[in-house]
Structure formats: C-alpha cells, structure tokens
Protein chains: 2
Amino acid sequence: MVGKIDPTGKLPPYRQLAEIIKQKIEAGEYPAEMRLPSESELMDEYELGRSTVRRAMNWLREQGLVETVPTRGTYVK
Amino acid sequence: MVGKIDPTGKLPPYRQLAEIIKQKIEAGEYPAEMRLPSESELMDEYELGRSTVRRAMNWLREQGLVETVPTRGTYVK
DNA sequence: TTTCATTTGTCCGTATGTATT
DNA sequence: AAATACATACGGACAAATGAA
C-alpha cells in the first residue's frame, strides 16, 4: 500500500512523507497553487508528530516543490 | 511608497502597522484629537486581518499615543 | 420613536513560526 | 523525534453602543 510510513524503513519518516507528497505533486493529485493539507491533518493522516511533518515540509521547500506562507499554509509551486 | 506591510520583515505585521501610524502621528498627519481610520479601513488599506490591526492599536495604546472609545473609534492623544 | 450603519469588544477555530525541554 | 508552550496571523460570528436618518 502506498502512503504508509514505516518507522523502520530505510528512509526516516520525514523523508518518507516528503516522498509521498512529492509523488502526489508529480502525479497531479496536488496541482500547482493548491494548498497542501495542514500540518495537523498530515499528523493525523500519517500518525506523525508535528516536527516530523515540518521536517518533511522543509525538505519539500528546499527542493523547490512547495512554498510556505506564514499563517496560511504550504502551497504547491 | 511608504506604508507597505512586509509579512516577511523583521518586525511582525502588527508592529509595522503601528510604526507607520506612529510616524504619521509624529509627522502631524494625524494630529491630536483626530480619529484614526477605523479597523475596517486599516484592514482594507494594509490588507491585514482585523486581529492584526487590533494588535497594532493595542500597541499604540500601550505607548500612550492613542486612546480608544468603544463604538466610536481610536483617537490621537 | 424606530431603524440602520458604523465601530469597537469578545470569542472561537485554524494555521504557521519559534523556542524549550 | 516528540511534546509542549507561546507568539503571530487570518477569518468568521455575534454583541453592544453610538449616532444618523
């Protein structure tokens, strides 16, 4: 099944989440300009802590895939 | 043009707005006894949420620069 | 007097930023 | 990585008071 986080996997959880989201972006499931699910939603959905979700967001941001607007959300670039 | 809010600036938006208004007061553009623009007007003019505008007002009030009269407005002291 | 628009007061919910432990 | 706390910000909703029509 796609979209599950494996705490014992090769990649750390934050990178796994980042890859999942990256795939969704590239697949068009998350189109440009779309706001990603909030940190809270991602925490619930993938059963991760906020800092883990934020690390994933940081990674995606560093990759130039998304853009974060303070107090608004993170958007697909 | 002076009076633009930079969401990524050093000072948070509410402080930037407060500084703008403070300058106008000190420059005489907003003389004593004058009623400041309403919260709604400031929201529109600077594209800020009401709570942000109100924070700016609180700050100005704490500085002793203005005085607020409920249902009437905020006045330069 | 009644009605209406304006303005501030208050509260709630949600979201990100930062720091600490 | 997680948990927690606090700051900052946006939006909506409703109340209360004022003053004008």
Side-chain angles (χ1 to χ4, degrees), chain A residues 3-22 24-25 30-77, chain B residues 3-22 24-25 30-77:
Chain A
K4 271 293 178 200
I5 304 295
D6 174 15
T8 67
K10 267 190 188 174
L11 293 177
Y14 84 92
R15 282 281 278 114
Q16 292 181 45
L17 174 57
E19 291 297 339
I20 290 170
I21 293 175
K22 182 185 178 187
K24 291 192 176 185
I25 291 172
Y30 291 162
E33 305 301 301
M34 179 184 170
R35 208 206 69 185
L36 297 185
S38 71
E39 292 174 355
S40 288
E41 288 171 327
L42 293 172
M43 287 167 64
D44 292 344
E45 184 169 351
Y46 296 97
E47 297 181 329
L48 295 170
R50 190 182 171 201
S51 43
T52 306
V53 171
R54 284 173 67 73
R55 272 175 193 252
M57 293 299 129
N58 288 339
W59 188 86
L60 290 167
R61 192 157 46 244
E62 284 164 9
Q63 304 302 305
L65 291 172
V66 302
E67 184 175 21
T68 297
V69 182
T71 83
R72 302 299 300 153
T74 296
Y75 298 81
V76 180
K77 252 208 280 201
Chain B
K4 270 291 179 209
I5 304 294
D6 175 13
T8 67
K10 264 191 189 176
L11 291 178
Y14 84 92
R15 283 280 278 112
Q16 291 181 46
L17 175 56
E19 290 297 338
I20 289 170
I21 293 175
K22 182 186 177 185
K24 291 192 175 185
I25 290 173
Y30 290 162
E33 306 301 300
M34 180 186 171
R35 207 207 71 181
L36 297 184
S38 71
E39 292 172 357
S40 287
E41 288 170 328
L42 293 172
M43 286 167 64
D44 293 344
E45 185 170 351
Y46 295 96
E47 296 180 330
L48 295 172
R50 192 184 170 203
S51 44
T52 307
V53 171
R54 286 177 64 74
R55 268 175 197 260
M57 292 300 130
N58 287 339
W59 188 86
L60 291 167
R61 202 174 308 119
E62 284 164 8
Q63 304 303 305
L65 292 171
V66 303
E67 184 175 21
T68 298
V69 182
T71 83
R72 293 274 68 210
T74 295
Y75 298 80
V76 180
K77 251 205 284 200

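Proteins come first, then strands; the chains are lettered A, B, ... in the order of their sequence lines, and each starts at number 1. Nothing here was measured: the structure is a model prediction, and the numbers come from that model.
Residue A/Arg50 places none of its side-chain N or O atoms closer than 4.0 Å to OP1 or OP2 of C/dA15. Phosphate proximity of C/dG9 to B/Arg54: present, with a side-chain N or O under 4.0 Å from OP1 or OP2.
Spacing between atom CE of B/Met57 and atom P of C/dT8 amounts to 8 Å, rounded to whole angstrom units. Summarising the geometry, the separation between CG on B/Leu42 and P on C/dT6 is reported as 16 Å, rounded to the nearest angstrom. Protein atom CD of B/Glu67 is 12 Å distant from nucleotide atom P of C/dG9, rounded to whole Å. For the pair A/Tyr75 OH and C/dT16 P, the computed distance is 9 Å after rounding to whole Å. Note: CD1 (B/Ile5) to P (D/dT8) measures 15 Å, nearest angstrom. Separating the CZ atom of A/Arg55 from the P atom of C/dT16 is a distance of 18 Å, rounded to the nearest angstrom. To the nearest angstrom, P of D/dT8 lies 14 Å from CG of B/Leu17. Computed from coordinates, the A/Leu36 CG to C/dA15 C1' distance equals 13 Å when rounded to whole Å.
Using a 4.0 Å heavy-atom criterion, one finds that A/Thr68 contacts the sugar-phosphate atoms exclusively. Residue B/Ser51 is classed as a base contact, given a heavy-atom separation below 4.0 Å to a base.
Shortest non-hydrogen contact noted between B/Trp59 and B/Ala18 is CE3-CB, 3.4 Å. Scanning both residues, B/Leu36 and B/Tyr30, for their nearest heavy atoms gives CD2-CD1, 3.5 Å.
Taking 3.5 Å as the limit, the base of D/dT8 and the side chain of B/Arg15 contain no donor-acceptor pair of atoms between them.
Using a 4.5 Å heavy-atom threshold, the side chains of B/Ile21 and B/Leu65 count as separate.
Exactly one of B/Arg61, B/Arg54, B/Arg55 qualifies for a side-chain hydrogen bond (donor to acceptor under 3.5 Å, both in side chains) with B/Asn58. That residue is B/Arg61. Here the options are A/Glu33, A/Glu67, A/Gln63, the test is side chain to side chain contact (heavy atoms under 4.5 Å, CB included), and the partner is A/Lys77; only A/Glu67 passes.
Within the shown strands, C/dT16 is the pairing partner of D/dA7 under the Watson-Crick or G-U definition, both distances less than 3.5 Å.
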